[in-house]
Amino acid sequence: MAKKNPKNLERRELVEKMRQDQARKERARSLGILGVCVLIVVALIGTASWKAWQDHQDQKELEGTPIADLGVAKSAASCDPVKTTPTDKNQTHIDNQPIAYGDAPPSFGAHRSSPAPFGRPFYDESDRPEVATLVHNLEHGYTIAWYDETAAADEAQLDALEEIAEKFSRSDRNRFVAAPWSSTDGNPFPEGKHIALTRWTADPAEPGNEDKQEGNWLYCGSVSGEAMNDFVEQFPDEASPENIPVG
């Protein structure tokens, strides 16, 4: 019988040990990669769950707060009485040329042929439609809450106004848009007033009768959900020159 070569045996044992060491390293590396992957997945799930929970809480908070409780109370908003005047009996569609309005902001008058779709209830300076476009929305029964540059610089007021606009958009009185009014749009609001609500109304029985159409304004010093809610309730949708929702 041939004798085993001690050197060959030693070499095989060394190779086997190296193979086992390499296998252990590979297992450790695989477990490490798996652990990292698990941590990433857990983190992603946790982040998504937290975001969903936070969105749910925000939605609950938004839906749970009545419009009248947002902003300041009507008594603290320095609101003038609602101003109402006859319109200029001008419902002309004018495109491709400037339209000048005597009121700041307008609540009636000539306007663009296409209104702004109700894609968003709140606009800022970066995406607000042209004033003449929004006047067409007024013709369709929309209330527009204009906010001037002073209100735009007040984060708390702007947040309250955006929340009010969002809540109106999900209500049965959803023809409501909040939009900025700047010095380039026309004259400033009356002194001390930074919010202006406008509405173009008509006799529901004779919406096309321009003799019975009126422009309506509510000027306030601060954002008041109570004042805005009262203004919207005062002028029902059907009291509009064109009682057809837009968008």
Side-chain angles (χ1 to χ4, degrees), residues 55 58-59 61-68 70-71 82 87 91-95 99 101 103 105-148 151-152 157-182 185-186 195-202 204 207-208 213-218 220 223-247:
D55 289 346
D58 291 345
Q59 186 69 16
E61 182 178 349
L62 185 64
E63 292 177 352
T65 305
I67 290 174
L70 295 169
V82 173
T87 70
Q91 294 178 250
T92 306
H93 291 175
I94 300 176
D95 292 316
I99 300 177
Y101 296 103
D103 299 302
S107 67
F108 54 80
H111 47 270
R112 300 302 186 212
S113 58
S114 296
F118 196 53
R120 288 180 59 182
F122 181 88
Y123 293 101
D124 58 30
E125 289 185 358
S126 68
D127 61 2
R128 192 209 71 185
E130 188 182 7
V131 171
T133 298
L134 289 173
V135 172
H136 196 151
N137 289 70
L138 288 168
E139 188 181 36
H140 285 263
Y142 281 70
T143 296
I144 299 181
W146 306 89
Y147 59 95
D148 71 2
Q157 286 208 68
L158 210 58
D159 287 346
L161 180 56
E162 184 170 5
E163 191 170 349
I164 289 168
E166 291 285 351
K167 290 185 74 67
F168 270 124
S169 75
R170 294 194 298 273
S171 74
D172 57 356
R173 300 301 307 278
N174 59 9
R175 297 187 213 181
F176 187 97
V177 175
W181 177 267
S182 71
D185 294 318
I195 304 296
L197 274 70
T198 57
R199 182 76 159 77
W200 186 347
T201 55
Q213 294 181 11
E214 296 176 328
N216 307 275
W217 292 262
L218 175 64
C220 295
V223 172
S224 170
E226 181 183 5
M228 293 181 182
N229 192 64
D230 288 350
F231 184 83
V232 169
E233 291 298 323
Q234 184 176 347
F235 304 110
D237 290 349
E238 58 271 19
S240 308
E242 294 185 16
N243 185 28
I244 304 171
V246 177

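All of these numbers come straight from a predicted model, not from anything done at the bench.
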N/O donor-acceptor pair under 3.5 Å between [X] side chain and [Y] backbone:
X: R128; Y: P180; value: yes
X: Q157; Y: V223; value: yes
X: D185; Y: S182; value: yes

Check [X] against [Y] and note the closest heavy-atom contact, atom names and distance.
X: T133; Y: A116; answer: CG2-N, 3.4 Å
X: F118; Y: N174; answer: CZ-O, 2.8 Å
X: W217; Y: P105; answer: NE1-O, 2.8 Å
X: A202; Y: P207; answer: CB-O, 3.7 Å
X: V82; Y: Q234; answer: CG2-OE1, 3.8 Å
X: G141; Y: S240; answer: CA-OG, 3.1 Å

Who passes side chain to side chain contact (heavy atoms under 4.5 Å, CB included) against [X], sequence neighbours left out?
X: P115; answer: H136, N137, V246
X: S114; answer: none
X: T143; answer: F176, L197, R199, F231, V232

Which residues pass the side chain to side chain donor-acceptor pair (under 3.5 Å) test with D95, not counting sequence neighbours? S113
In chain order, what residues pass the side chain to side chain donor-acceptor pair (under 3.5 Å) check against D148, with sequence neighbours excluded? H194
Let me confirm one number: the CD1-CG distance from I195 to L161, rounded to the nearest 0.5 Å. 5.5 Å
How about T87 and W200: does a side-chain donor come under 3.5 Å of a side-chain acceptor? no
Judged by modelled atom types alone, do Q213 and Q91 share a side-chain donor-acceptor pair under 3.5 Å? yes
Flag side-chain contact, heavy atom, 4.5 Å: [X] against [Y]:
X: L138; Y: F108; result: no
X: H93; Y: H111; result: yes
X: Y123; Y: P129; result: yes
X: L70; Y: M228; result: no
X: I99; Y: R112; result: yes

Crowded around E130 CD? As in, over 12 foreign heavy atoms under 6.0 Å? yes
Would you please name every residue forming a ring pair (Phe, Tyr, Trp, His ring centres under 6.0 Å) with Y101, sequence neighbours left out? none
Step by step, would you call I144 with W181 a side-chain contact (heavy atoms from CB on, under 4.5 Å)? CA-CA 11 Å; I144 299 181; W181 177 267; over 6 Å; no
If the plane angle is over 60° it's perpendicular, under 30° parallel, otherwise tilted; pick one for Y147 and F122. parallel
Among E139, E238, R175, which one satisfies side chain to side chain donor-acceptor pair (under 3.5 Å) with N243? R175
